[in-house]
Structures are given as C-alpha cells and as structure tokens.
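Structure, as structure tokens:
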Amino acid sequence: MLAQTELERALPAGLPPILLATAATPSVAALRLPFEGLGPEGYLVRTVTLNGRPTLLIAGNGDKGALYGAFALIRHLATTPFADTLSLSSAPRVKLRVLNHWDNLDGSIERGYAGQSLWDWWTLPDFRDPRYTDYARANASIGINGTVLNNVNAKADSLTAPYIAKAAALADVFRPWGIKVYLSVRFSAPIELGGLKTADPRDPAVAAWWKAKADEIYRAIPDFGGFLVKANSEGQPGPRDYGASHADGANMLAAAVKPHDGIVMWRAFVYAETDPEDRAKQAYTEFKPLDGKFADNVLVQVKNGAIDFQPREPFHPLFGAMPRTPLMIEFQITKEYLDFATHLAYLGPLFTEVLDAKTGQKRGETVADVVDGQAEGHKLSGMAGVANIGRDRDWSGSTFNQANWYAFGRLAWDPDLSAEAIARAWAAETFGNDRQVVDTVTAMMMGSREAVVDYTGALGLAHLMATGHHYGPGPWVADLARPEWNPVYYHRADAAGIGFDRTTSGSNAVGQYAGPVARAFAKPETTPESMLLWFHHLPWDRRMADGRTLWEDLVGHYDRGVAYVGRMRQQWDSLKGKVDAEIWQKTATYLAIQEREARWWRDASLAYWMSVNHRPLPAGVRPPEHDLAWYKAQHFPYAPGQAH
Ligand code: BDP
C-alpha cells in the first residue's frame, strides 16, 4: 500500500505499531468506530487497543481515506509531539479539489513562472518521469484529487488519439494517489478535428461527435474526470457563436460524458468587447438567468472575483445567486497579478477572505457554504486552483510559492481552516519544527499579500498592471483596443477624484449583490476601505477613517507595502544558518528583487497619480526616483508566462 511507504519515509521512530485498514477490516469493524460521516475519502486516525496492544489505527471507508489519514498523521506529527492518545478525523467538505494547469502542448505554460511544463508531452506516453509520481504524492498529501492537464485556451490537438494516449499514461501514474485527470477542450474541436461545418451544440452531428470522442477517451482512461471549458471568452469559440446559450453548450458536453460518470466544469469567466456593460457585471448578467438550466453533471466554475484574479477583489456576486447550480470557485495560485514567482505573497489570506465572505443571500451564508453545496443538497461541489507548478527544481518558482499550492489544497479539503494555521503547518513541514523559524516564517507570510496590495494599489484599486505580460505597473495605459483592457478603465482617476462608481449613479454592479452586502457596498461610509475605490468614485480630499485625505492615505499604503518587504528581508536575515543554505540564499535574493520592484510600483504609481491630480506628496514622503516618462518607457518583451 502506498500509504505504508509514505509512513516509513516520514514518521519518527518510537511510535506504537501502525495498522492501515479500512472500515471493513474485521478487527477494525469490531471497534465500532464512527465511519459513517467519512464518505469515500475521509479518515480516522486513533490510538486503539487491538489484541491487547496499543495500536495506531489509520483507516477510512476505503483505501483513499487510509491514504489521506496517513498524510494527516505525518502532518500532525510534523507540528505536534506524539501523545499516547491521538484522535484525528476529517472528511473533505468539497468533492472536486482540482488543479487547473494552463500548460500548453509545446511545453510552455500560460502565466507559469516555474519553468516549462512538468508534462513532457513529447516523450509521453513512453517515458513516465518519476516527477509525475512526486507530483501526485504532493497533491495527495494535501487532499487534491483532480488535475486538468492542459490550458483553458485549449488546442483541439489534445483530443487526438496520440494525446489521449499521453494523458492516459499520466492518469495511470496518478490513479493510485486518488487523482483523476481532466482535459480542457476547445469548443470548436468538431470542426477542427471532425471536419464538421459547425460546432453548434444543438446540431445532432456535433453532439454525436462529442459522444464518440468521450467514448474514445474513456476507453483509454476509464476513470477520466471530464471536461473544463472556456467558451466565448477572450476569443475562444463557444455556443454563443451560434446563438445557443452557455447551458446548451455545457449540457451537450455533459451528455457525452454522462454515461461514464464524467462531469463538465464550465467557466463563467466571460466578457465581450462588444458589450459596453461594466466588465465586473457581465458574467452575472450572462449566467444568473441560466440557474436551473444546467444538467446535473455540470458545475459552473466562477473566479473568486468579478474581474480577474487581482491582488484584492470583492467576492464574485454569482456566489449565492445561482442556488440551483453547483458553483465551483476558481482561484489563481500562480501569481500572474502579484508580480510572479519572485515576490513573496502568501495567498492563504486571499483565499480565506473570499471563502469567509458573507454572500448576503441567506442569513449567515458564506461563499464557502455556497461552494461546498451542502445547503442546497448539490451532489457535486468543487474548488479549482490555477497551478503554479513547473519543471523548476523547487516546483513553484520559489520555496514560498509552494505554500500557496499547499494552502489551496488544505482549504479545498476544509474551507474553515485559518490561513495562519495553514501557514504554521506549512512552515513546520517545510523547514522543520523550530519555534523561531516557524514563528518568523509565519509572521512574514501572514502580511505578505496585503503588502502586495499596498504597493500595487490599495483601497480597492485593481487592474493597474502593465499590458500583456502583466509584470509591473501600467496605470497610465489607455490605448488598448478593448476599453476594459486599459487600466484607466478601472481607476477612472482625474484631477478631482479616483475610483469606479459601481453604485446606482454608475454601473450599478452593486445591484448584483444581495441584502446587507449590497446595502453596505452602496455607500462609501459602509464599504470597507479596502474595497472603497472598487465601488465608488471619490474626491482625492475625502476624509478617511484615520482622518487623512484619500490621497494621503493612498500614499501611506504604498509606503507601508514597501516597508513590509524591507521588514521581511530583516526577518529572513535572522534565519540565516537555520534553514537550508541554498533555499535561504535564493529567498534572500528574491526578497531583494521584491523590495526593488515594490519601490518601482510605488514610485511609478505616485508619479502617475500626481500627473493626474496635480497634488504634492504629503510632507516628508520620498518623491519617486524617476519622472513618469522613465516609468512609461520601461519594456519587458521577454517577461515570462505570456500567451502564445
Ligand atoms: C487571465 C489571463 C489569461 C487567461 C485568462 C483566463 O491573463 O492568460 O487565459 O485569465 O482565466 O487573467 O481564461
């Protein structure tokens, strides 16, 4: 059993004998332990007496539960000394805990900052790199049970026979670890591969093509998970091309995989340049009317916020607004909008901030309650994370980025965990359980995402990054073809004020929220300051809670963000000699890069805002190092992660 090997690798000596078992093992059944609520994946780890001997029992209703139990015990003992009576028990609240790889067939990764794709499509299916097994082990250890192998901007080629065989080889490696594979599919594949004239989901020939394709995939991968679809979004084909709805498209694909127990994850990340409506409103406008129209093996996958994985966004208004549809939440683990792998930004607080947000739809309901689907009795539920994994030796571009992969998995299993508890556990599992190391690392991590918010644009500002690669500041950009691609569309700054009016006097995106949440966002006085300019256009002189003007406050945030990075450098310095030397050195160098780039963000942004509002900096504040023209002249044609 794989769980046995994991225990032998990781556990300290001196523990009682361990029994890995299932609920059906006769000696275990006789103990009458509470297995009922554990489902197929939950586990129970307990000290029990078997044949008169103290025994450490690790069990689930099946092998998967026992495997997760083994990893839970390893985690527990990494942070807590063994006590004679031990009792751990947990079952996942979310069923599909899935990574989305934006990996291309040529080995590049869209928005990937950890090297080439781990999947070597060229040498598959023959060569099964041992790292595929390590990848599966890492995922199983944090509860991830699915992986979408290819980019949502999918090529039809991944559905051809050679690529199905390659995916099948990966599925074979992952299967023993409880991980299913899924594929992103290109909606127009029946035209490109099948020679059909249309991909209209209502055309019987199209449905038949997909059904045959699904049958072919399931012959190679009997437990294939299903399809992920990006349709009618950023140039991708979809059912709207034929006047059919997203539900028509999703249900046609769902019918193809249904006989095999497959599912469809249909993305709600939809907006169109032809639509003058506030981009933040478009997904809700399109999808809300479709509630109740999706087949029962479809999940609608909704990004955490209504725009696009920004350092901070209010939760997406679709959460709670489609009670008859299972909604998967999609987070971005790779740091496209948080300055890539070099910046230390622990995303646990970003994930929990969204999961804990009250939807306002039902009393006390949180986004996590919607995602786990229990209140509505959905048989499917899911959480997706856009992976930050590549072929780099440290997997994620930096050691600290691994924490974001880890946090995603832990929260997908249990969205109630605190970001801090996860950070502490990760630090102990990664660096060893030295108190000073764990305390310092946790302290660095916990404020790090807020620091990125502060130095890239606080108070609810968003989408201020440079064009294309999204690396560094570009708040001045105003010349892109689509209005909603321009940062000026989002901040709307002029001499008098700044911010996007999303109240009734503006786009009324606030109207897509419910009850007390909508009421709070409707007025600046009741909107959290962290989201103020997302919902309101306000004068630069507006008084903030701390008595300063909005302008002074915004400047203060930039300085606070830069200062936080400086502090992280000192904290990390204090750990020299206490963590692995190579990891220490790389992290120290990355923190130096981060401090330089945080300053760059601050200086460029301040130079730009001052060119718009013509205000001086508050007394004592350091002026930007260069003039605005210098910042505008910076170009990075080879920044990593760009689509091609
Ligand atoms: C955007 C990324 C783009 C993705 C898109 C998506 O810049 O590369 O294709 O999200 O989620 O944020 O489909």
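Both counts, for ligands and for their atoms, begin at 1 and track the order of listing. Count residues from 1 along the sequence.
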Under the criterion salt bridge (Lys or Arg N to Asp or Glu O under 4.0 Å), I'd like the reasoning laid out for E313 against K303: C-alpha separation, chi angles, the key distance, then a yes or no. CA-CA 10 Å; E313 289 189 40; K303 287 191 181 183; over 6 Å; no
Is the F287 ring parallel, tilted or perpendicular to the F294 ring (thresholds 30°, 60°)? parallel
Side chain proximity check, W476 to P487, heavy atoms < 4.5 angstrom: no
Salt bridge check, D454 against R449: does any charged N sit closer than 4.0 Å to a carboxylate O? no
Side chains of R131 and R391: does their closest heavy-atom pair fall under 4.5 Å? yes
Non-hydrogen side-chain atoms of V98 and V148 separated by less than 4.5 Å: yes
Close-range residues for ligand 1, whose non-hydrogen atoms fall below the 4.0 Å threshold: W102, E110, R111, V152, N153, K230, E234, R267, F269, K303, D308, E336, Y337, H470
